[in-house]
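In what follows, a structure is listed as C-alpha cells, so that the remarks can point back to it.
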Amino acid sequence: MGIPVHCTTLSLPLHDQCLPIGRRAFLMAPFGPALLRAQFDAGPFGTLVYVQTKGLFVRNLPTGRPRRIASGEKIAFPSFSPSGRWILYKAGEIFHAVPADGGAAARLEGSGAKWWPDRDDLLIEQSTGLSVFTAANGWDKPQWSIPGGKLPAIFSPDGVEIAYADEAQIGGVRSGRLCCVSARKPAGPPRIVITEPGNAIIPCCWMSTSGELLYWLDTSFSASILADGLELFRVPTRGRARAARPLGVSSLVNGEFLSIAPDKGAVAVTAGLGRDVCDRKRIARVEWPSGDMRYLTDERTAAVSPTWSPDGRWIAYSAAPAVPSGCGGGEPMRRALAKRRIWKMQATGNASAAALTSDERYRDERPQWSPDGRHILFCRIDESSTQTVWLIRSDGTGATQVAGPLDGNADDPALAWFGYYGTIDWKSCIDWHHRRA
C-alpha cells in the first residue's frame, strides 16, 4: 500500500493508486541466483519489504532472515508487484524496479506509477499519458500507451477496463471528467462516464456487484477543500442514464480510509471531514448496492483505517478517544495520538469492540489481516517516535516485532509522529505481499 503519500499534487492521495517515478534507464541484468530465489520463497504470512538504516530490506514472515536488496539515501515507497517477484521503490527523486530476490534495478521515467492488478506490468504516468511497461522485456520500453491518461487509475474487477480522471475546458468551464478505456491496448478516444463542470474528480474504487465507480468530488478544484476531505459519489459506468449520486458519506482522500468487504456487499469508510484526525472520524458501514449507511463507532472515539478480515466477519481498525474540536498539532496532538490502539469489532457492529493492543508505550496503527485471518500486521510508534512493525494474533496475543526501526522520515523526525495532521504515510516505508491462504 498507508498516511499522506506525496505522489501527485494531492495532500492525501491514494496509496494503492500511484507512486511517483523518476528517469528510466535499464541498468543491468536480471534475477539473482537460484540460491537467492530459494531464500525468497514466501513464509506462511508472506513477505514484508521495509525501509530501514539507509536500505531496503525484505523479510519472509514470521521468522525469515532480513535481507538488504537496495542501499542508498532517501529510499521510500516500496511496493510489491502482483507476483511478489519485483519491488518498486523510490531513491531520492528516482524510482527503481528491483527483483525481490536481489539483483540490479531498472530506472523508470515518469511522474507516477501503478502496478497492474494481475501481472508484473506498470502503468507509468508520463508527459504524454499513461504508458505500459512490463517486466517481460526488462522494463526496456513501453508496450503501448493511453494518451492523456493520468493517475490515479483503477481497474475494473474483471480487468477489462481502466478508469481515470482528467480535466477539460467545456463551454469555457474547467471541468473534471471520469474516463474509461480498454485495458487491452485501447483504440480511439476514452469513453466519458461523467463530467463535473467546475469540479475535479478523483477516482476511488470500482464496485464489482453493481458496475459502479466511487469517486471523490473536489469542489472548485480546491487543494484546501481536498485536504479536509471530500464527499464520495457513485456513478454507473454503463447505460444511457449515468447520473452520479452522493454516497452519503465524506472522508479524507486516502485509500487506507476505505475498505471493501470480501464478498463486495459492503464498504467500511473512515467517515468525517477535517484534516485533524483526533476528532470527527468514525467507522461507517455502507451496504452495497443499496447505499444504506450506519456508523459502527461512536462520536467519543476517533477511529481510522478499517480493514475487513478475509472471512468478512470482523473489521480491525486503529482508534483513540476523540478530542472535541481536534488538536491542531503540537504536544496536545502527540499525547492524543499516543492513545491509539488496534481494535477489532464484528463487521455487523452488533457487539462491543475489543482492544487487541494495550501497551501504553506505543501508538498502534494501520492493521492488516493475514490471508488466513489468524494474525494482524500493524505499525507502532514509541515514546521517542521510533517506528516499528509488529505481528499479533487476531485474539490480541503474541505481539512480536518483525521490522524496524523504520527509516521513512529520517530527514524530519517530527513527521514520524505527526505525519499530516496525525495521518502517517506507512506506505512510504513498508509493503506486505500476502501468501495465499
Side-chain angles (χ1 to χ4, degrees), residues 1-28 47-59 67-82 84-100 102-116 120-127 130-131 133 135 138-139 150-153 254-256 366 379 387 389 403-413 415-416 419-420 423-433:
M1 9 254 276
I3 345 187
V5 169
H6 302 288
C7 62
T8 69
T9 58
L10 304 183
S11 297
L12 292 172
L14 298 178
H15 303 273
D16 298 328
Q17 299 292 356
C18 61
L19 290 171
I21 295 292
R23 293 180 300 170
R24 179 185 62 83
F26 190 61
L27 287 187
M28 281 188 56
T47 305
L48 185 70
V49 60
Y50 55 97
V51 181
Q52 178 178 324
T53 320
K54 298 181 181 179
L56 188 66
F57 293 78
V58 294
R59 183 183 186 186
R67 294 183 293 106
R68 186 195 297 262
I69 62 168
S71 301
E73 301 283 346
K74 298 182 180 180
I75 291 179
F77 301 110
S79 175
F80 277 107
S81 68
R85 294 184 179 276
W86 290 86
I87 296 171
L88 188 71
Y89 70 93
K90 180 182 180 183
E93 297 303 318
I94 305 299
F95 267 66
H96 306 260
V98 62
R107 290 164 43 131
L108 300 160
E109 181 179 352
S111 58
K114 174 184 174 62
W115 286 111
W116 217 267
D120 291 353
D121 293 352
L122 283 166
L123 277 176
I124 297 181
E125 184 175 331
Q126 300 182 318
S127 60
L130 291 173
S131 297
F133 285 78
W139 315 107
K150 295 182 178 181
L151 295 174
N254 188 317
E256 291 180 6
R366 199 181 181 242
C379 299
Q387 298 177 341
V389 185
L406 303 179
D407 196 26
N409 293 292
D411 288 344
D412 189 349
L415 292 177
Y420 186 82
T423 300
I424 301 297
D425 182 11
W426 292 108
K427 284 291 286 182
S428 69
C429 48
I430 69 166
D431 192 29
W432 188 18
H433 187 265

Is the backbone N or O of [Y] less than 3.5 Å from a side-chain atom of [X], with the two atoms forming a donor-acceptor pair by type?
X	Y	answer
H433	P82	yes
E125	L130	no
Q126	E109	yes

Once you round to the nearest 0.5 Å, how far does [atom1] of [X] lie from [atom2] of [Y]?
X	Y	atom1	atom2	value
K90	F77	NZ	CZ	5.5 Å
L56	I69	CG	CD1	4.5 Å
Y89	D431	OH	CG	15.0 Å

Quick one: closest heavy-atom pair of [X] and [Y], and the distance?
X	Y	answer
L151	A113	CD1-N, 3.3 Å
A106	G138	CB-O, 4.4 Å
W115	I87	CZ2-C, 4.4 Å
V389	L48	CG1-CD2, 4.2 Å
A105	V98	CB-CB, 4.1 Å
D425	S428	O-OG, 2.7 Å

What I'd like to find out is whether the side chain of [X] reaches to under 4.5 Å of the side chain of [Y], using heavy atoms alone.
X	Y	answer
F133	D121	no
F80	T47	yes
L406	V51	no

Could you tell me whether K54 and E73 make a salt bridge, using a distance below 4.0 angstrom between a side-chain N and a carboxylate O?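 A salt bridge is present here (some side-chain N lies under 4.0 Å from a carboxylate O).
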Side chain to side chain contact (heavy atoms under 4.5 Å, CB included) evaluation trace for W426 with Q387: CA-CA 10 Å; W426 292 108; Q387 298 177 341; 3.7 Å; yes
Kindly write out the residues that satisfy side-chain contact (heavy atoms from CB on, under 4.5 Å) with A97, not counting sequence neighbours, or none if the list is empty.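 A97 satisfies side-chain contact (heavy atoms from CB on, under 4.5 Å) with W86, L88, L108, W139 once adjacent residues are dropped.
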Got a sec, which residues hit salt bridge (Lys or Arg N to Asp or Glu O under 4.0 Å) with D120, two or more places apart in sequence or on another chain?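 Residues passing salt bridge (Lys or Arg N to Asp or Glu O under 4.0 Å) with D120: none at all.
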For I430, which of S79, C379, P78 qualifies under side chain to side chain contact (heavy atoms under 4.5 Å, CB included)?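 One option only clears the test, and that one is C379.
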